[in-house]
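This report refers to the structure that appears directly beneath it.
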Amino acid sequence: MIRLYDTLSRSKRDFEPLSPPFVGVYVCGPTVYGDSHLGHAKSYVSFDVLVRFLRYSGYRVRYVQNITDVGHLSDDADAGDDKIQRQARLERLEPMEIAEKYTRSYFDDMDRLGNLRPDISPRASGHIPEQIELVRTLIEKGHAYQSGGNVYFSVRSFPGYGRLSGRKPDELRAGARVEVQADKRDPLDFALWKEADGGHILKWRSPWGWGFPGWHLECSAMAMRYLGNTIDIHGGGLENAFPHHESEIAQSEAATGSTFARFWLHNNMVTIDGQKMGKSLGNARSLKEMFDRCDPMTIRLYILRSHYRSPLDFSDEGMASAASALARIRDLSSRLEPSAGGSDAADQPPFVHEALSAFTDRLADDLDTPGGVAVLFDYVRKCNQALEAGAEPGARSAMRSGLDMMAQNILGLTMQGTGSGAGGEETLLGLLAESRSIMRKARLFAEADRMRDILAEEGYSVKDLPGGESSIERISSAP
RNA sequence: GGCGGCGUAGCCAAGUGGUAAGGCAGCGGAUUGCAAAUCCGCCAUUCAGCGGUUCGACUCCGCUCGCCGCCUCCA
C-alpha cells in the first residue's frame, strides 16, 4: 500500500485511485519565459519518481503537466505584464517564439535529468475554448461575475476557500494589498478572464470581448479536460499552494460540484548555500549552467537524497558528495556489466529480493527517496561483497536486474556517464588504456604513472584491473 | 502580525513509543609495483534546550531558543 502526504488533510493517507488501475496525475508545469533552474529540477525529479513508482506498482498512470504560455502576469496576481510578452520584448521575438524556445529548453533539461516526458503537455494557449467554457459555467452558477471586459471569481461564494493553505478569507482580507483592482467586488476575488488592453498581443475573442485567461484557470480547465472532474493526484511547488492551488480548487469545485483532487502533493523549496533561491535575488542557477560543470545525474541523486517535502540546500560540498556517491553506484554497475547471462531464480542471492522489498517499502511511505537511497547503498555493498567472493553468472545477473530496477527504473539514475559525447573519444581512451597496460607489463611504471597523472588532471580516472588490463573513464566533463 | 515547516555525528540525511539506517569526508587494516575501485574494522551513551506523560521517548504533550518558507510573481 502506498501512502502519500496530502496537504489538504495534513496527513499521510493510503493511496487508492478513484478507478484502479488508472491514476490521473496533474503537476503544475513551468511558465516558459526563461531557462529552467534548480527549483524546477527538484520539483520535476520528485514527481517523476512518483510516476515511475506508481507505474512500477502496477498502476496505469496518465501524467499531465501543463506548459504555461499565456496569462501568467508578472506583478500582482491580477495586474502587470504577461511574463511571456515581457520576455518577448526583451529578446525582440514573438511571444510564441519565446514560449516555443523555452518549452524546448525545458524539455531538453528535463531529458538530461532523466525525467520521463509527461504523457500530455497541454499548452494554456491551446485550450482557450475549454477555459472560456469554464468561465461561462461559473458565471451561470453565480460564482463569477463580469466587470467590464474582466471576469472575476467570487471567493465569498465558495465556502471552502482557504482550506488547502490554512488561510481564512477574513484574515486574508485584513492583509490584502492596498491597491486592489477597482472593478472587483471583493479584494479577494481573482481574475478568470482579463480584458486585453492596447499592447496585448496574446489575446482571444470571448463572450466578454478580446482578452486572455487568468493564470489559475488553465490548470483547472486542462486537468479536467484530460483527467476528468476528479483527479487522483495534483502536485506542485509549495509556493503555489496559495493562491494558485487554492484558486484551482475553488473554481473547479464550484463549477462541477465534485472533489477536484483527492491528493495534494507539495514539493518543498530549494536554497543555495542556505539562502533562498529566487530570480529576484539573482542566485538562481540555471540547469544548463550547472550541466556544464557536472553530470546531470549528480544533481538527480543530490535531489533524491533528501525528501521531497524537505527544503533542499545546494552547496559545492554537497555536490562533491553526491558525485562520489553516484560513482559508487556506477562502479558497481560496470563491475556487473559482463554478467549479461540468463538469470535463473534459483541463482538469485536472497539479499536481492530483500533489498528490493525494503526499497519499495521506503518509496511506498510517502516517497521516502532518502530511505530508498540508503537501501540502495546497502545493496551496493552486498553486491560488491558477493563479487569479491566470486559470484556465479546467474547471481551476477540477478544482482544486475536488482540494481537496474532500483537505480534506473524507479530512481531514474542512468548508469553511463555523460563523458563519451565526442565521437572518437572512446576509441582513444581504449588505445590509451591498452598503452598503459603494455607499459605496466613491461614494468615501465614511471611512464605508465605519468600517463595516469596527466589523464587525472584532464578529468579522467584510470583503473588497473586484475589481470593487468586498464580502463579509463571520464569523471568530470570540464575540470 | 497570520499560516506552515524544520533543528539527528565534520557535512548531507532516514527513523517517529522499545532502546540511533545510509551516503560523503576522516582514521586503521586487506588488496595493489604505486594508485584507483573493492572488502573488513573504527567514527552520535545520543537525537537544539528545559519540563511533563510512560516500565520505557529522538519519537507523545507543554514551554523556550534558533533557522526557514508562504501570506505579491517564482518549481
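Below, read A as the first sequence line, B as the second, and so on, with proteins coming before strands; counting in each chain starts at 1.
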- Task: In whole angstrom, give the distance that lies between atom CD of A:Q385 and atom P of B:rA37.
- Result: 18 Å
- Item | Between B:rA36 (P) and A:D464 (CG): distance, integer Å | 11 Å
- Query: From the list B:rC71, B:rC12, B:rA14, which nucleotide is the closest neighbour of the side chain of A:H307?
  - Reply: B:rA14
- Taking only the side-chain heavy atoms of A:D368 (C-beta and beyond), determine which of B:rG15, B:rA21, B:rC70 contains the nearest atom. B:rG15
- Note on the structure: By nearest-heavy-atom nucleotide on RNA chain B, the more 5' of A:A325 and A:L465 is A:A325
- Query: Planes under 30° and centres closer than 5.5 Å, is that true for A:Y44 with the base of B:rA75?
  - Reply: no
- Message: Assuming nearest nucleotide by heavy-atom distance, tell me which of A:A327 and A:D449 is located more 5' along RNA chain B.
- Response: A:D449
- Message: Please check if the number of heavy atoms outside A:R163 that lie under 6.0 Å from its CZ is greater than 12.
- Response: no
- Which whole-number value in Å describes the distance from A:L367 CG to B:rG15 P? 12 Å
- Answer with base, sugar-phosphate or nothing: what part of the nucleic acid does A:G237 contact at a heavy-atom distance below 4.0 Å? sugar-phosphate
- Message: Need one value for A:S36: base, sugar-phosphate or nothing, where a base atom within 4.0 Å counts as base even if backbone is also close, heavy atoms only.
- Response: nothing
- Message: Among A:V27, A:V64, A:N240, A:N66, exactly one meets side chain to side chain contact (heavy atoms under 4.5 Å, CB included) together with A:C219. Which residue is that?
- Response: A:N66
- Would you please confirm or rule out a distance under 4.0 Å between OP1 or OP2 of B:rC34 and any side-chain N or O of A:R443? no
- Query: Quick one: are A:D365 and A:I2 in side-chain contact, heavy atoms under 4.5 Å?
  - Reply: no
- Item | Face-on cation placement of A:R13 at A:Y5 ring, 6.0 Å and 45° thresholds | no
- Query: Under 4.0 angstrom, heavy atoms only, what part of the nucleic acid is A:F445 near: base, sugar-phosphate, or nothing?
  - Reply: base
- Query: Considering the options A:I299, A:T298, A:D108, which one meets the side chain to side chain contact (heavy atoms under 4.5 Å, CB included) requirement together with A:F291?
  - Reply: A:I299
- Item | Cation-pi check, A:R328 onto A:F377 ring (under 6.0 Å, within 45° of axis) | no
- Note on the structure: Under a 3.5 Å limit on both distances, the Watson-Crick or wobble mate of B:rG28 is B:rC40
- Query: Counting side-chain heavy atoms from CB outward, which of B:rC40, B:rC73, B:rA37 is closest to A:K463?
  - Reply: B:rA37
- Choosing from B:rC70, B:rG22, B:rU38, which nucleotide comes nearest the side chain of A:E388? B:rU38
- Query: Base, sugar-phosphate, or nothing for A:V27, non-hydrogen atoms under 4.0 angstrom?
  - Reply: nothing
- Task: Give a yes-or-no answer on whether the side chains of A:S220 and A:E248 include a donor-acceptor pair shorter than 3.5 Å.
- Result: no
- Rounded distance in Å between the C1' positions of B:rC39 and B:rU31: 9 Å
- Task: Measure from the side-chain heavy atoms of A:R328 and tell me the nearest of B:rC70, B:rC24, B:rC73.
- Result: B:rC24
- Task: Rounded to the nearest angstrom, tell me the gap between atom CZ in A:R450 and atom C1' in B:rC34.
- Result: 17 Å
- Query: For B:rC34, what is the paired nucleotide under Watson-Crick or G-U wobble rules, both distances under 3.5 Å?
  - Reply: none
- Length of the CG-P vector between A:D273 and B:rC11, whole Å: 15 Å
- Message: Check the phosphate of B:rA14 against A:S310, side-chain N and O only, distance under 4.0 Å to OP1 or OP2. Yes or no?
- Response: yes
- Item | Sugar-phosphate, base or nothing in reach of A:G318, heavy atoms under 4.0 Å | nothing
- Query: What is the distance, rounded to the nearest whole Å, between atom CZ of A:R452 and atom P of B:rA37?
  - Reply: 11 Å
- Task: Look at all strands and tell whether A:R436 reaches a base, only sugar-phosphate, or nothing, counting heavy atoms closer than 4.0 Å.
- Result: base
- Task: Consider the side chain of A:R362, meaning its heavy atoms from C-beta on, and name the nucleotide among B:rU38, B:rA14, B:rA25 that approaches it most closely.
- Result: B:rA14
- Proximal nucleotide (of B:rA37, B:rC24, B:rC39) relative to the A:D331 side chain: B:rA37
- Query: Could you give the OH-to-P distance, from A:Y308 to B:rC6, as a whole number of Å?
  - Reply: 13 Å
- Note on the structure: Pairing partner of B:rA21, by Watson-Crick or G-U wobble and under 3.5 Å for both distances, is none
- Task: Determine: side-chain N/O of A:R440 to OP1/OP2 of B:rA35, distance under 4.0 Å, yes or no.
- Result: no
- note: A:R381, atom CZ; B:rG41, atom C1'; distance rounded to Å ~ 12 Å
- Message: Testing the 3.5 Å rule here: is there a donor-acceptor pair between the side chains of A:S165 and A:R167?
- Response: yes
- Output yes when at least one side-chain N/O atom of A:N240 is less than 4.0 Å from OP1 or OP2 of B:rA75, else no. no
- Closest listed nucleotide, where the reference is the side chain of A:S324 and the choices are B:rA25, B:rC71, B:rA37: B:rA25
- Note on the structure: Taking B:rG4, B:rC70, B:rC39 as options, the one with an atom nearest any side-chain atom of A:R10 is B:rG4
- Note on the structure: Which of B:rC34, B:rA75, B:rA21 is nearest the side chain of A:D378? It is B:rA21
